[in-house]
Amino acid sequence: MSGLAERIAATKAAIAAAAREVGRDPGSITLEAATKTQSAETVRAAIQGGVTVCGENRVQELTEKLDAFAYDGAKEVHFIGHLQTNKVKQVVGRVDLIESIDSLHLLQAVSDCAVRLDRVQDILLEVNIAGETSKSGFSPSEVLFGAEKALKMPGVRLRGVMCIPPAAQDVGGNRKFFQKTYQIYVDIISKMVDNRKDVDCLSMGMSRDFADAVREGATLVRVGTGLFGPRG
Ligand SMILES: *Cc1c(COP(=O)(O)O)cnc(C)c1O
């Protein structure tokens with residue numbers, strides 16, 4: 001096994017261990033490889049090594065890797081970075097899930113684009129869970145309103161929420177943010193009865209804190225450095 005395949009296996013084992021600690025089924029959590037800055041070749045190796053979901057941050061990298069068939073063999077490709085409305089048409093219909101819908105403006109643009117393509121795009125709403133001014137995303141008080149809007153738009157299917165808390169200062173430092181995001185996720189499910197079957201994705205946790213995210217209910221964890229090593 002290459003070092004990469006070993007790290008993938010070790011990360012999956014750590015996810016499963018955290019899940020069991022809190023009585024969750026390890027099979028209910030998916031490891032997503034955050035592949036920004038990684039070459040098509042490395043992405044292929046990750047898929048060979050057991051990665052099933054790839055998350056890309058930048059539109060140009062996404063399109064280059066799609067054109068190079070880098071994700072062949074993966075079950076899903078997600079977009080996880082900040083998406084400008086003028087680049088929406090390069091992403092809609094080309095990824096399985098856009099995790100980073102961070103404003104009503106972008107939500108509308110994605111739905112409109114999908115309608116023009118006669119498609120329905122799966123999306124998550126990004127929550128700015130710590131209220132950081134440097135980050136985009138719906139504030140915790142706006143996100144239910146955003147979810148209501150999304151549920152009425154013909155071009156999108158709301159699958160859940162994602163968050164990117166601050167870099168944790170100490171062990172367990174982000175648990176409170178994961179708890180808050182889980183609560184928002186549950187609120188969306190309980191308030192939107194007709195569509196609850198579609199809402200099945202809570203994307204939170206990165207290399208340093210994915211175990212806590214799993215303990216607090218994540219269904220998708222996004223790991224980059226922990227699989228690929230530090231980004232150059
Ligand atoms: C880079 C990135 C990750 C992974 O971060 P690591 O700390 O390298 O695991 C997860 N989510 C998003 C949105 C990212 O941009």
Peer 1: Looking at Gly81 and Ser100, what are the two nearest heavy atoms and their distance?
Peer 2: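 Answer, listing the atom of Gly81 first, then Ser100: O-OG, 2.6 Å.
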Peer 1: So, taking the atom named CG in Asp102 and the one named CG in Leu124, what distance separates them when rounded to the nearest 0.5 Å?
Peer 2: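 One gets 12.0 Å once the value is rounded to the nearest 0.5 Å.
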Peer 1: Quick one, Val214 and Val22 - any side-chain contact, counting heavy atoms below 4.5 Å?
Peer 2: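 Answer no - side chains too far apart.
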Peer 1: Flag yes if Val95 and Met162 sit in one hydrophobic cluster, no otherwise; membership is Ile, Leu, Val, Met, Phe, Trp, Tyr, and two members link when side-chain heavy atoms are under 4.5 Å apart.
Peer 2: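 Cluster IDs for Val95 and Met162 differ.
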Peer 1: Please determine whether residues Val143 and Ile129 belong to a single hydrophobic cluster, defined as Ile, Leu, Val, Met, Phe, Trp and Tyr linked transitively by side-chain heavy-atom distances below 4.5 Å.
Peer 2: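 Yes, because Val143 and Ile129 connect within a single hydrophobic cluster, where side-chain heavy atoms sit under 4.5 Å apart.
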Peer 1: Any donor-acceptor pair under 3.5 Å linking the side-chain atoms of Glu64 with those of Gln60?
Peer 2: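 There is such a pair (donor and acceptor under 3.5 Å, judged by atom type) between the side chains of Gln60 and Glu64.
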Peer 1: Are any side-chain N or O atoms of Thr35 and backbone N or O atoms of Gln38, one a donor and one an acceptor, separated by less than 3.5 Å?
Peer 2: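 Judged by distance alone, no pair lies under 3.5 Å.
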Peer 1: So if you build clusters from Ile, Leu, Val, Met, Phe, Trp, Tyr with side-chain heavy-atom gaps below 4.5 Å, do Ile123 and Ile184 land together?
Peer 2: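 Per the 4.5 Å side-chain linkage, Ile123 and Ile184 are co-clustered.
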Peer 1: Any chance you could measure Phe210, atom CZ, to Ile29, atom CD1, to the nearest 0.5 Å?
Peer 2: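 Spacing of CZ (Phe210) from CD1 (Ile29) equals 11.0 Å.
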Peer 1: Distance alone, cut at 3.5 Å: any donor-acceptor contact between the side chains of Ser203 and Glu99?
Peer 2: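 A donor-acceptor contact under 3.5 Å links the two side chains.
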Peer 1: Please check if the side chain of Thr52 supplies one atom and the backbone of Ala74 the other of a donor-acceptor pair under 3.5 Å.
Peer 2: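 Answer holds: no.
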Peer 1: Determine the sole option in Glu76, Glu56, Lys65 for which the side chain to side chain donor-acceptor pair (under 3.5 Å) test with Tyr71 is passed.
Peer 2: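 Exactly one pass, corresponding to Glu56.
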Peer 1: Considering residues, nucleotides and ligands other than Glu132, do more than 12 of their heavy atoms fall under 6.0 Å from its CD?
Peer 2: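 Yes - once you tally the heavy atoms of other residues, nucleotides and ligands closer than 6.0 Å, there are more than 12.
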Peer 1: I'd like to know if the side chain of Thr219 reaches the main chain of Leu202, judged simply by a donor and an acceptor atom lying under 3.5 Å from each other, with no hydrogens or angles considered.
Peer 2: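 Looks like yes, one N/O pair under 3.5 Å.
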Peer 1: To the nearest 0.5 Å, tell me how far Tyr182 OH sits from Cys163 SG.
Peer 2: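 Tyr182 OH to Cys163 SG: 14.0 Å, rounded to 0.5 Å.
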Peer 1: Heavy atoms only: give me the nearest Thr11-Gly226 pair and the separation to one decimal.
Peer 2: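 Answer, listing the atom of Thr11 first, then Gly226: OG1-O, 4.3 Å.
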Peer 1: Assess the residue pair Leu106 and Leu83 against the criterion (side-chain contact (heavy atoms from CB on, under 4.5 Å)); give the C-alpha distance rounded to whole Å, side-chain angles, the decisive distance to 0.1 Å, and a yes or no.
Peer 2: CA-CA 8 Å; Leu106 179 61; Leu83 181 57; 4.1 Å; yes
Peer 1: Does a side-chain heavy-atom distance below 4.5 Å link Arg208 with Thr225?
Peer 2: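 Not touching, per the 4.5 Å side-chain cut-off.
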Peer 1: For residues Ser207 and Gly224, report the shortest heavy-atom separation together with the two atoms involved.
Peer 2: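 Heavy atoms of Ser207 and Gly224 come nearest at OG-N, 3.6 Å.
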Peer 1: Quick check for you: to the nearest 0.5 Å, what is the distance between Cys201 atom SG and Leu158 atom CG?
Peer 2: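 One finds 10.0 Å between SG of Cys201 and CG of Leu158.
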Peer 1: Any side-chain heavy atom of Leu62 sitting closer than 4.5 Å to one from Val59?
Peer 2: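 They are not in contact (no side-chain heavy atoms under 4.5 Å apart), so the answer is no.
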Peer 1: Would you say the side-chain atoms of Lys12 pair up with the backbone N or O of Gly50, donor to acceptor, closer than 3.5 Å?
Peer 2: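 Indeed, once roles are kept as given, a pair shorter than 3.5 Å links the two residues.
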Peer 1: Is Asp67 salt-bridged to Arg94, going by a charged N under 4.0 Å from an acidic O?
Peer 2: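 Salt bridge: yes.
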Peer 1: Indicate, with yes or no, if Leu117 and Val110 share a hydrophobic cluster defined by side-chain heavy-atom contacts under 4.5 Å among Ile, Leu, Val, Met, Phe, Trp and Tyr.
Peer 2: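 As far as the 4.5 Å side-chain criterion goes, Leu117 and Val110 are connected within one cluster.
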Peer 1: Using a strict cut-off of less than 4.0 Å between a Lys/Arg side-chain nitrogen and an Asp/Glu carboxylate oxygen, indicate whether Glu61 and Lys36 qualify as a salt bridge.
Peer 2: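 No, Glu61 and Lys36 are not salt-bridged.
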Peer 1: Has the side chain of Lys135 got a donor or acceptor atom that lies under 3.5 Å from a matching backbone atom of Pro165?
Peer 2: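 Yes, the answer is positive, given that a donor and an acceptor are paired below the 3.5 Å cut-off.
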Peer 1: Take atom CG of Asp118 as the centre, draw a 6.0 Å sphere, and report whether it contains more than 12 heavy atoms from other residues, nucleotides or ligands.
Peer 2: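 Incorrect, the count does not exceed 12.
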Peer 1: Donor-acceptor pair, distance only, cut-off 3.5 Å: does the side chain of Asp96 make one with the backbone of His78?
Peer 2: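 Not confirmed, Asp96 side chain does not pair with His78 backbone.
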Peer 1: Without swapping roles, check the side chain of Asn57 against the backbone of His82 for a donor-acceptor pair under 3.5 Å.
Peer 2: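 No; zero donor-acceptor contacts below 3.5 Å.
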Peer 1: Give the intermediate values and the outcome of side-chain contact (heavy atoms from CB on, under 4.5 Å) for residues Val161 and Phe138.
Peer 2: CA-CA 10 Å; Val161 293; Phe138 291 86; over 6 Å; no
Peer 1: Does any part of the side chain of Thr37, heavy atoms only, come nearer than 4.5 Å to the side chain of Arg58, both counted from C-beta?
Peer 2: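 Result yes, sub-4.5 Å side-chain heavy-atom pair found.
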Peer 1: Please tell me if the side chains of Val221 and Leu31 come closer than 4.5 Å, counting only heavy atoms from C-beta onward.
Peer 2: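 Val221 vs Leu31: side chains touch.
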Peer 1: Closest approach of Ala70 and Ala40, non-hydrogen atoms and distance?
Peer 2: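 Smallest heavy-atom distance, with atoms named: CB-CB, 3.6 Å.
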Peer 1: So which heavy atom on Ile8 is nearest to which on Leu227, and how close?
Peer 2: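 For Ile8 and Leu227, the tightest heavy-atom pair comes out as CA-CD2, 3.9 Å.
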Peer 1: From Arg24 CZ over to Ile15 CD1, what is the distance, rounded to the nearest 0.5 angstrom?
Peer 2: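 Between Arg24 CZ and Ile15 CD1, I get 10.5 Å after rounding to 0.5 Å.
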Peer 1: Find the distance between CZ (Arg159) and CG (Leu97) and round it off to the nearest 0.5 Å.
Peer 2: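 Spacing of CZ (Arg159) from CG (Leu97) equals 6.0 Å.
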Peer 1: Is it possible for you to say whether Phe177 and Met204 belong to one hydrophobic cluster, with membership spreading through side-chain heavy-atom contacts below 4.5 Å?
Peer 2: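 The answer is yes; both residues are in one hydrophobic cluster.
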Peer 1: After noting the C-alpha distance and the side-chain angles of Val92 and Ile98, does the key distance pass the side-chain contact (heavy atoms from CB on, under 4.5 Å) rule?
Peer 2: CA-CA 8 Å; Val92 169; Ile98 301 175; 4.2 Å; yes
Peer 1: For residues Ala33 and Val51, report the shortest heavy-atom separation together with the two atoms involved.
Peer 2: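 Where Ala33 meets Val51 most closely, the heavy atoms are CB-CG1, 3.7 Å.
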Peer 1: Within a strict 4.5 Å, meaning less than it, do heavy atoms of the Ser136 and Asn128 side chains meet?
Peer 2: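 A side-chain contact is absent here, since even the closest heavy-atom pair is not under 4.5 Å.
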